[in-house]
Amino acid sequence: MTYHPKSDFMRVMMERGFLADCTDYQGLDEALAKGVVPTYIGYDATAKSLHVGHLLNIMMLRWLQKTGHKPITLMGGGTTKVGDPSFRAEERPLLTPAQIDANIAGMKQVFAKYLSYGDSPTDAIMLNNAEWLDGLNYLDFLRDIGRHFSVNRMLSFESVKSRLDREQSLSFLEFNYMILQAYDFLELNRRYGCLLQMGGSDQWGNIVNGIDLTRRVLDAEIYGLTSPLLTTSDGKKMGKSAGGAVWLNADMLSPYEFWQFWRNTTDADVGRFLKLYTELPAAECDRLGALEGSEINQAKIVLANEVTKLAHGPEAAAAAEATAREVFEKGGVGEELPTLTLSAGEIADGISLAQLFVRSGLAKSGKDAKRLIAEGGARVNDDIATDAGQIFGAGDFAEALKLTAGKKRHARVVVG
């Protein structure tokens with residue numbers, strides 16, 4: 001459909017590729033054009049950091065605030081005790097309240113980089129759904145809220161159906177999740193005037209449930225907007241790398257490795273990722289994305305710098321770029337590279353090359369390291385390494401040792 005938005009926020013969403021679906025384009029656009037629209041996205045506290053897979057909707061909240069609206073980051077202190085079954089093959093392990101609180105504290109550090117929190121009408125607020133879920137009286141909740149949900153309809157949602165079709169067990173606990181998420185929207189509307197919920201397109205069913213419930217209980221008009229589920233041009237899920245999740249917290253993934261993840265974007269994704277993950281003008285993103293040959297590498301450096309600036313600050317982005325130049329162009333050992341520090345005791349009897357690759361995280365196991373070395377994919381100080389059993393002693397660590405796996409993964413080893 002062709003829709004010409006009146007509000008800045010909807011225009012940005014459409015122009016930059018954030019929009020997959022909306023429950024009422026026109027109604028939402030008019031509400032956004034009229035005044036401040038409080039908007040929430042929910043985050044379950046299943047890890048100590050958010051990862052690149054969350055970055056799309058964090059950028060949506062950032063644009064929402066930049067265009068004059070109020071972001072609400074809803075931490076799932078309550079719902080994390082249940083676990084979202086959406087498109088998961090099995091039940092999540094349940095976390096203790098202390099683990100959940102520690103995870104929320106770690107996730108807060110990320111949001112503070114992208115959003116401005118405070119007391120003004122467009123300042124972001126952070127809430128925890130444990131505030132209303134922990135104190136729920138089960139029988140009252142079943143009577144007042146449960147009666148609005150049809151089990152037939154709940155069974156028809158893709159997130160539930162896919163589990164049942166594969167004959168994988170879906171616990172009653174998880175089945176309740178969509179009711180609790182719908183209830184979140186109702187409570188946020190009642191307590192904070194929240195008018196919009198956003199999320200990935202896998203959340204469409206949960207969002208629609210919340211809108212229906214809020215209409216029935218409060219007779220309020222609210223909206224839902226989803227972003228596309230992103231895959232890279234080669235079909236991989238966005239945010240996964242060879243080494244696992246690409247975390248947004250610096251203590252879980254170094255700014256250099258984060259920068260390197262974006263620098264390694266495939267050519268076909270550069271223009272799209274610039275629009276989604278940076279604030280460069282859309283026309284400039286298109287220009288950079290259309291570059292070809294060796295010039296596209298310059299666009300990838302722009303992408304890596306811009307995304308790293310937002311996540312870790314301009315100094316970290318500049319340091320990562322300088323390290324990359326030193327490592328790739330001059331063959332140096334960059335200070336910002338992931339570093340393995342060994343004690344003098346650990347190298348007293350020497351340490352094998354295979355062990356160095358495993359300890360530095362460049363190989364998952366000794367077997368993996370031996371295969372990498374046998375295939376000629378391992379280098380030490382830029383020289384091809386051929387002997388997995390080669391022993392390195394104290395004399396080999398007078399200066400930092402640079403290890404390379406394949407073309408793009410590096411680490412340095414020092415004795416401290």
Side-chain angles (χ1 to χ4, degrees), residues 52 234 236 240-247 250-267 294 297-298 300-301 304-305 308 312 315-416:
V52 161
D234 53 5
K236 292 199 183 93
K240 292 278 186 272
S241 73
V246 181
W247 300 107
D251 59 348
M252 289 181 68
L253 186 79
S254 74
Y256 172 77
E257 288 170 285
F258 182 79
W259 187 94
Q260 200 61 48
F261 168 79
W262 295 97
R263 169 64 183 80
N264 293 339
T265 296
T266 52
D267 296 4
S294 60
N297 289 330
Q298 209 40 54
K300 291 179 188 182
I301 289 170
N305 282 341
T308 307
H312 298 295
E315 293 83 5
E321 184 183 358
T323 294
R325 287 193 191 285
E326 189 183 339
V327 170
F328 291 100
E329 293 171 18
K330 301 174 190 159
V333 183
E335 296 261 317
E336 295 284 317
L337 284 182
T339 300
L340 165 65
T341 305
L342 298 170
S343 67
E346 285 177 291
I347 57 160
D349 299 323
I351 184 168
S352 74
L353 181 62
Q355 280 179 295
L356 285 175
F357 271 85
V358 174
R359 293 281 308 277
S360 63
L362 294 177
K364 292 189 172 83
S365 63
K367 190 176 170 186
D368 187 31
K370 285 171 185 163
R371 184 187 51 74
L372 179 75
I373 293 161
E375 290 172 359
R379 290 173 184 263
V380 178
N381 291 339
D382 296 323
D383 294 326
I384 291 177
T386 53
D387 178 7
Q390 182 184 346
I391 299 296
F392 289 78
D396 296 303
F397 295 101
E399 291 187 2
L401 212 61
K402 176 180 158 195
L403 305 180
T404 303
K407 288 182 181 169
K408 296 175 176 171
R409 296 170 61 226
H410 306 272
R412 62 199 280 272
V413 186
V414 296
V415 173

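Counting heavy atoms of neighbouring residues, nucleotides and ligands inside a 6.0 Å radius, atom CG of D349 does not exceed 12 of them.
Take A405 and apply the side-chain contact (heavy atoms from CB on, under 4.5 Å) test, not counting sequence neighbours, and it matches F357, L362, L372, R409. With sequence neighbours excluded, the residues that form a side-chain contact (heavy atoms from CB on, under 4.5 Å) with S365 are K367, D368.
With hydrogens and angles ignored, the 3.5 Å screen pairs a side-chain donor or acceptor of K300 with a backbone N or O of T265.
A369 and A354 get closest at one heavy-atom pair: CB-O, 3.7 Å. The two residues A388 and S352 come nearest to each other via the heavy atoms O-CB, 3.9 Å.
The structure places CD of E321 at 4.5 Å from CG of N305, a figure rounded to the nearest 0.5 Å. For the atom pair R263 CZ and T308 OG1, the distance stands at 12.5 Å (nearest 0.5 Å). Once rounded to the nearest 0.5 Å, the distance linking CZ of R412 with OG1 of T404 reads 13.0 Å.
Relative orientation of the Y256 and W259 rings is parallel, given thresholds of 30° and 60° on the angle between their planes. The aromatic rings of F392 and F397 sit tilted, their planes meeting at an angle between 30° and 60°.
V52 places a side-chain heavy atom less than 4.5 Å from the side chain of F258. Looking only at side-chain heavy atoms (C-beta outward), V414 and T339 come within less than 4.5 Å of each other. The side-chain heavy atoms of R359 and E346, taken from C-beta on, include a pair separated by under 4.5 Å. Looking only at side-chain heavy atoms (C-beta outward), Q390 and L356 stay at 4.5 Å or farther from each other.
Test V380, N381, L340 against L403 for side chain to side chain contact (heavy atoms under 4.5 Å, CB included) and you get one pass: V380. Partner of L353 under the side chain to side chain contact (heavy atoms under 4.5 Å, CB included) criterion, chosen from T386, D387, I373: I373.
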